[in-house]
Structures are given as structure tokens and as C-alpha cells.
Colleague: 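Please read through the structure below; I'll follow up with questions.
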Amino acid sequence: MTVVTAQTEPAVPPVDQVPAQAAAETGEFWVEPEASVDGVPADGAHEVAPDAGAHSEAPADAAHAEAPADGTDAEVADDEAHADVTPEDVPAEVARDAQDFGAYVRAGGWAFALKVARSVRPGGETPGETRKVSAKAFAELAGCSPERVMRYYKAWDKAADDGLVPYFEALAPGQDVELPDSDVWHSYYVSRSSASSERGTAITAAAEAEGIRPTKALEVAENPTALRAAILADPSTAKAARAALLDRLQEDPALQTEWARDIARTDDLKKAVATETQAASRIGYVRDIVENGQVKTPAGQTIDAPAELRAEAERHLSLIDELDETEDTSEWASEAFDSMKDIVAQTIQADPELRLQERRTKFYSSLQKATKVFEDLTFDDADDLDTLYEDDMLQRLEELQEAISSCITTLRKAAPGK
């Protein structure tokens, strides 16, 4: 597509001028034309002006009768009447505006990038080698910043590297070339200078991975206060922010530490985390029964889950899985967990052998805990026990010794062959 930009004089005076001022600047006098009758202009003041009421008192009914019943039909009829319009049928200024508009629709920012590419001097060229000007001079002529000009320049440069457009050296001022479609413009143009930084590059890459325009992500990154306001005011924005933070936590250990520290220092968050952790643990307990067909008893032994237990676990799990993400699962998790515990207890009680094994497992568990606690006692400074002596300390150790001796005696009586 070739874009030709016409140089035209303004069709109307500037907004800060009235016709009389515009004429005065050219040394001429501007006279407001008088009304005409039957198409004949009023050439002199000696002619009598027509009666003002001659045309203003037309019957209202006649006016309504001539108007179309439906305004939409009138617009459609007008569009059909001008469907085959040509540039010769309209004022030249209108035709040029329409052509420029169409060029921009088809090419988007490429139309402006071409003006920069063919007019701005590439790096390494001196003023005497080319008719082109510097980006600073071009910006001054355009009434914008050099940074804005360079963003268009860099977009063209990247597109040239990809073979979409000619290089700067192949372009001369005023030269027209075939331009890419407007759809690919935003793949090369970055409207913000922050995109060139390391941070901006990372944001641009993440935006492209999400399938959105980098300019949108950069705009959000440059306005953290606006982002905060949106999160505070809008639940859906807060939800999106939470999901993004969770994704980032997986690859950002420093953020994990900061977030954990913030939670630990906030009482309400600590309680919420504890509640959710307990609910997740209980749901996991129920899910294990369904998926693995086994269950852990209160004493810690793992047994095959009865059919009744698995069926009840599946029922509770299906109810939990149907909950919305925003619904509280703690109550459902507690109900499911308590139901599983009741069935497990009934199963153990109904099976003598299983009940005995449960008692034996519980005894071993208690013995291991007691042993670990006693081993943690240190007697490194036994030579100085006289300084640590307390009556209560000695009494408790003696009671513990008696309990252990009694337990040993009972176990010895129960040993086979005794």
C-alpha cells in the first residue's frame, strides 16, 4: 500500500481568528453576503430585502409531509445516493481528508513511521551527506518530543531488520513505499520509553506471552497507585492480582519470604492461614481415602478403607469439589473429616483383631514419644546437680521410675512362656 500525503492550505481560518481578522491580515475587507431571493444575490444596498416572513411561515403540515417518516431510512437513502461518489464529486479538501484517513486505517502507525524514516537522518550520517535532518530537528518542526520521534524511528528499524520495510538508507525525503498492514504495527512500536529498560523488556515479554499489547502492561506498571486503587475497589481486579502473585511466587523466592513475613506479622492473616491449612489437610485426608483406598487410624496405622467408608468419602468429596472458588470450605471439610473419623472408629471397634492392633500401635507410639522426651534431657552438667536440685524434680523422677518399673513387670508377666 502506498501512502501519499497531500500538502493543503487550511479550508477554514484558524479557530482563533474570525473571517474579518483573516481578511484584515491580507489587506482586504471582508463583507458578509446578504440574503438572496430566488437565487439572485443582493448586489447593492439600494435593493429592498425580501419580506422575512415570505419563506418562514410555511405550513407545518407541509414540512412534515416532505420529511421521511423514518430518520434511519433517510440516512440509508443518502448513503445509497453517494455509494459511487468519486473525488471529483466532493470538495478537494474532503477528498484529501478521506484519502489520508483511509491510508491511516490501512497502515496505522506505519504512515507516520514512514515520514520519520524518510526524513530523519540515520546514525552515522553527517548533515552534508543527506537531505535528511536529525531527530531533534524533525521533532521541533513537528512540535513534539525527540523521544516520540525516536520511538517511530526504532519501530521502523526493527521492521526493516525483519524485512517488512526498506532500511533508512534506501529512503529519500518524500519517497513513498509499500507499507505493512496496521495489524503488525503494535508488534514493533512501543509508545513508552520505559519499555527500553530491563524492567520494561521483561514486562513486554510477559505481555506478549499473555497475548496482550505491551503498551497496556507498561501503562499499568507506570501507575502503581492506579493499580492499587483498582485492586482495592474491584473484586475481579483483586482476584486477577492474586492469581498473578501466586504464579510469580513459584519463581521468586524473595517474594515468598516477604509474603510469609507479612502474613506472620498480621494476626488476622495468621488465623486465616491456620484455618485454611486445617481445611486443606482434612480435605486431603478424605481425598486419600477415595484415590488410594486406604485410611490412617488415630493410632497411626494404615488400613484398607471399608466400602462404606469409601462411598461416604466420595460423597463428601464430590460436594466439596462442586463449591465455587470463593466459597468457604472449612465447614464442609470439618463435616467430611468428622464423618470419616466416626466410620473408622466404628470399623476398629467392630473388629477385635484390628482393635488389638490399634492399641498396640498406640502404645508403641506413646513409648517412642516418651523415650524421645527423656533422651532430650541433658546431664552434661551432672557434677553440678546440687545447684539444680529441687524437691519436685526428684519426686517426679521417682514417680516416673515407679511407673516404668510397674510397666516392665506387667509386660514380663505377659511374655510367652512365663
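Computed from a prediction, not measured in an experiment: that's the story for all the values here.
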Colleague: Verify, without hydrogens or angle tests, whether Thr266 (side chain) and Ile263 (backbone) share a donor-acceptor contact under 3.5 angstrom.
Modeller: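 Checked: no pair found.
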
Colleague: Can you find a heavy atom in the side chain of Glu358 that is under 4.5 Å from one in the side chain of Arg355?
Modeller: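 Answer no - side chains too far apart.
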
Colleague: Begin from the C-alpha positions of Arg396 and Asp392 and carry the test salt bridge (charged side-chain N to carboxylate O under 4.0 Å, His left out) through to its verdict.
Modeller: CA-CA 6 Å; Arg396 291 196 176 195; Asp392 183 64; 3.3 Å; yes

Colleague: For a quick test of reading the model, state the closest non-hydrogen atom pair linking Ala230 to Thr237 and the distance between them.
Modeller: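 Heavy atoms of Ala230 and Thr237 come nearest at O-CB, 3.7 Å.
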
Colleague: Please report the C-alpha distance between Arg282 and Val286 in whole Å, then the side-chain angles of each, then the deciding distance to 0.1 Å, and finally whether the side-chain contact (heavy atoms from CB on, under 4.5 Å) criterion is met.
Modeller: CA-CA 6 Å; Arg282 290 177 171 181; Val286 178; 5.8 Å; no

Colleague: Within the supplied structure, the quantity of interest is the number of heavy atoms (other residues, nucleotides, ligands) at a distance under 6.0 Å from Lys239 NZ; does it exceed 12?
Modeller: no

Colleague: So does Arg359 have more than 12 non-hydrogen atoms from other groups sitting under 6.0 Å from CZ?
Modeller: no

Colleague: Any idea which heavy atoms bring Arg121 and Lys132 closest together, and the distance?
Modeller: NH1-O, 3.5 Å

Colleague: Examine distances only and state if a side-chain atom of Asn292 and a backbone atom of Gln294 form a donor-acceptor pair shorter than 3.5 Å.
Modeller: no

Colleague: Holding to salt bridge (charged side-chain N to carboxylate O under 4.0 Å, His left out), I want the full list of residues that pass it with Arg360, two or more places apart in sequence or in another chain.
Modeller: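 Counting only residues at least two positions away or on another chain, Arg360 forms no salt bridge (charged side-chain N to carboxylate O under 4.0 Å, His left out).
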
Colleague: What I'd like to find out is whether the side chain of Gln278 reaches to under 4.5 Å of the side chain of Thr275, using heavy atoms alone.
Modeller: no

Colleague: Are Ile303 and Lys296 close enough that some pair of their side-chain heavy atoms sits under 4.5 Å apart?
Modeller: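 Side-chain contact under 4.5 Å: no.
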
Colleague: Taking all non-hydrogen atoms of both residues, which atom of Asp328 and which atom of Leu323 are closest, and how far apart?
Modeller: O-CD1, 4.4 Å

Colleague: Using modelled atom types only, decide if a donor and an acceptor are shared between the side chain of Ser366 and the backbone of Lys362 within a distance under 3.5 Å.
Modeller: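 Yes; judged by distance alone, with no hydrogens or angles, the pair exists.
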
Colleague: May I ask you to decide if Ala172's main-chain N or O and Arg118's side chain share a donor-acceptor pair within less than 3.5 Å?
Modeller: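 Checking the backbone N and O of Ala172 against the side chain of Arg118, no donor-acceptor pair under 3.5 Å is found.
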
Colleague: Measure the shortest side-chain to side-chain distance between Val165 and Val177 over non-hydrogen atoms and say whether it is less than 4.5 angstrom.
Modeller: no

Colleague: Taking only residues at least two apart or on different chains, which pairs with a member in residues 337-350 satisfy side-chain hydrogen bond (donor to acceptor under 3.5 Å, both in side chains)?
Modeller: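 Only Glu312-Ser339 qualify under side-chain hydrogen bond (donor to acceptor under 3.5 Å, both in side chains).
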
Colleague: Are Val149 and Val120 close enough that some pair of their side-chain heavy atoms sits under 4.5 Å apart?
Modeller: yes

Colleague: Run the side-chain contact (heavy atoms from CB on, under 4.5 Å) test on Asp157 and Tyr188 for me, step by step, so that the C-alpha distance in whole Å, both residues' side-chain angles and the decisive distance to 0.1 Å come before the verdict.
Modeller: CA-CA 9 Å; Asp157 190 29; Tyr188 294 93; over 6 Å; no

Colleague: Would the distance check show the side chain of Asp252 and the main-chain N or O of Ala254 forming a donor-acceptor pair, the cut-off being under 3.5 Å?
Modeller: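 The answer is yes, because a donor-acceptor pair under 3.5 Å joins these two groups.
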
Colleague: With ring pair (Phe, Tyr, Trp, His ring centres under 6.0 Å) as the rule and sequence neighbours excluded, what pairs involving residues 329-359 come up?
Modeller: Tyr285-Phe337

Colleague: Could you tell me which non-hydrogen atom of Phe363 sits nearest to which non-hydrogen atom of Cys407, and how far apart they are?
Modeller: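 Taking Phe363 first and Cys407 second, the nearest heavy atoms are CZ-SG, 3.9 Å.
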
Colleague: What's the separation between atom CZ in Arg148 and atom CZ in Phe112, rounded to the nearest 0.5 Å?
Modeller: 11.0 Å

Colleague: Within the 4.5 Å heavy-atom criterion, are Val116 and Phe138 side-chain neighbours or not?
Modeller: yes

Colleague: Would you indicate whether Glu251, at its atom CD, is surrounded by more than 12 heavy atoms from other residues, nucleotides or ligands within a distance under 6.0 Å?
Modeller: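 12 or below, so no.
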
Colleague: How many angstroms lie between atom CG of Leu367 and atom NZ of Lys369, to the nearest 0.5 angstrom?
Modeller: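 With rounding to 0.5 Å, CG (Leu367) is 11.5 Å from NZ (Lys369).
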
Colleague: So, Asp351 side chain and Glu353 main chain: donor-acceptor pair closer than 3.5 Å or not?
Modeller: yes

Colleague: To the nearest 0.5 Å, tell me how far Ser145 OG sits from Arg151 CZ.
Modeller: 6.0 Å

Colleague: Do Arg310 and Asp304 meet the salt-bridge criterion of a basic N to acidic O distance under 4.0 Å?
Modeller: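 Salt bridge absent between Asp304 and Arg310.
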
Colleague: Could you walk me through whether Ile343 and Val295 satisfy the side-chain contact (heavy atoms from CB on, under 4.5 Å) test, starting with their C-alpha distance in whole Å, then the side-chain angles of each, then the deciding distance to 0.1 Å, before giving a yes or no?
Modeller: CA-CA 11 Å; Ile343 297 177; Val295 63; over 6 Å; no

Colleague: If you measure from CZ on Arg131 to OG on Ser119, what distance do you get to the nearest 0.5 Å?
Modeller: 9.0 Å

Colleague: Got a second to check how far Ile404's CD1 is from Leu400's CG, nearest 0.5 Å?
Modeller: 4.0 Å

Colleague: Could you work out, with side chain to side chain donor-acceptor pair (under 3.5 Å) as the rule, every residue matching Tyr364, not counting sequence neighbours?
Modeller: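 Side chain to side chain donor-acceptor pair (under 3.5 Å) check on Tyr364 returns nothing, list empty.
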
Colleague: Say whether, by atom type as modelled, one donor and one acceptor occur between the side chain of Glu314 and the main chain of Val290 under 3.5 angstrom.
Modeller: no

Colleague: Working note: Met340 + His316, criterion side-chain contact (heavy atoms from CB on, under 4.5 Å); need CA distance, chi angles, decisive distance, verdict.
Modeller: CA-CA 10 Å; Met340 298 301 101; His316 281 283; 4.0 Å; yes

Colleague: I'd like to check Ile348 versus Pro298 (side-chain heavy atoms, cut-off strictly below 4.5 Å). Are they in contact?
Modeller: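 They are in contact (side-chain heavy atoms under 4.5 Å apart), so the answer is yes.
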
Colleague: Are there over 12 heavy-atom neighbours, none belonging to Glu331, within less than 6.0 Å of that residue's CD?
Modeller: no

Colleague: Just checking Glu291: does its CD atom have more than 12 heavy atoms from other residues, nucleotides or ligands closer to it than 6.0 angstrom?
Modeller: yes

Colleague: Less than 4.5 Å apart, side chain to side chain, heavy atoms only: is that true for Pro166 and Trp156?
Modeller: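 With C-beta onward as the side chain, the pair touches.
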
Colleague: Would you say the side-chain atoms of Thr329 pair up with the backbone N or O of Ala333, donor to acceptor, closer than 3.5 Å?
Modeller: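 Not a single qualifying donor-acceptor pair exists.
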
Colleague: Between Asp161 and Lys158, is there a side-chain N and carboxylate O pair less than 4.0 Å apart?
Modeller: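 Salt bridge absent between Asp161 and Lys158.
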
Colleague: Check whether the ring centres of Tyr152 and Trp110 lie less than 6.0 Å apart, and answer yes or no.
Modeller: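 They do not qualify: ring centres at least 6.0 Å apart.
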
Colleague: Mind checking what makes side chain to side chain donor-acceptor pair (under 3.5 Å) contact with Ser236, not counting sequence neighbours?
Modeller: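 In terms of side chain to side chain donor-acceptor pair (under 3.5 Å), with neighbours along the sequence ignored, Ser236 is linked to Asp234.
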
Colleague: Output all residues satisfying side chain to side chain donor-acceptor pair (under 3.5 Å) with Asp247, sequence neighbours left out; order by chain, then residue number.
Modeller: none

Colleague: Using atom types as modelled and distance alone, determine if a side-chain donor or acceptor of Ser365 lies under 3.5 Å from a backbone N or O of Thr361.
Modeller: no

Colleague: Measure the CD-CG distance between Gln250 and Leu255 for me, rounded to the nearest 0.5 Å.
Modeller: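 Answer for the CD-CG pair, Gln250 versus Leu255, is 11.5 Å.
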
Colleague: Considering non-hydrogen atoms only, spot the tightest contact between Gln175 and Ala170 and give its length.
Modeller: OE1-O, 3.4 Å

Colleague: Any chance CZ of Arg242 has more than 12 other-residue heavy atoms, nucleotides or ligands included, within less than 6.0 Å?
Modeller: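 Atom CZ in Arg242 is packed in, count exceeds 12.
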
Colleague: Testing the basics here: between Ala279 and Ser330, what is the closest heavy-atom pair and its distance to 0.1 Å?
Modeller: CB-CA, 3.8 Å

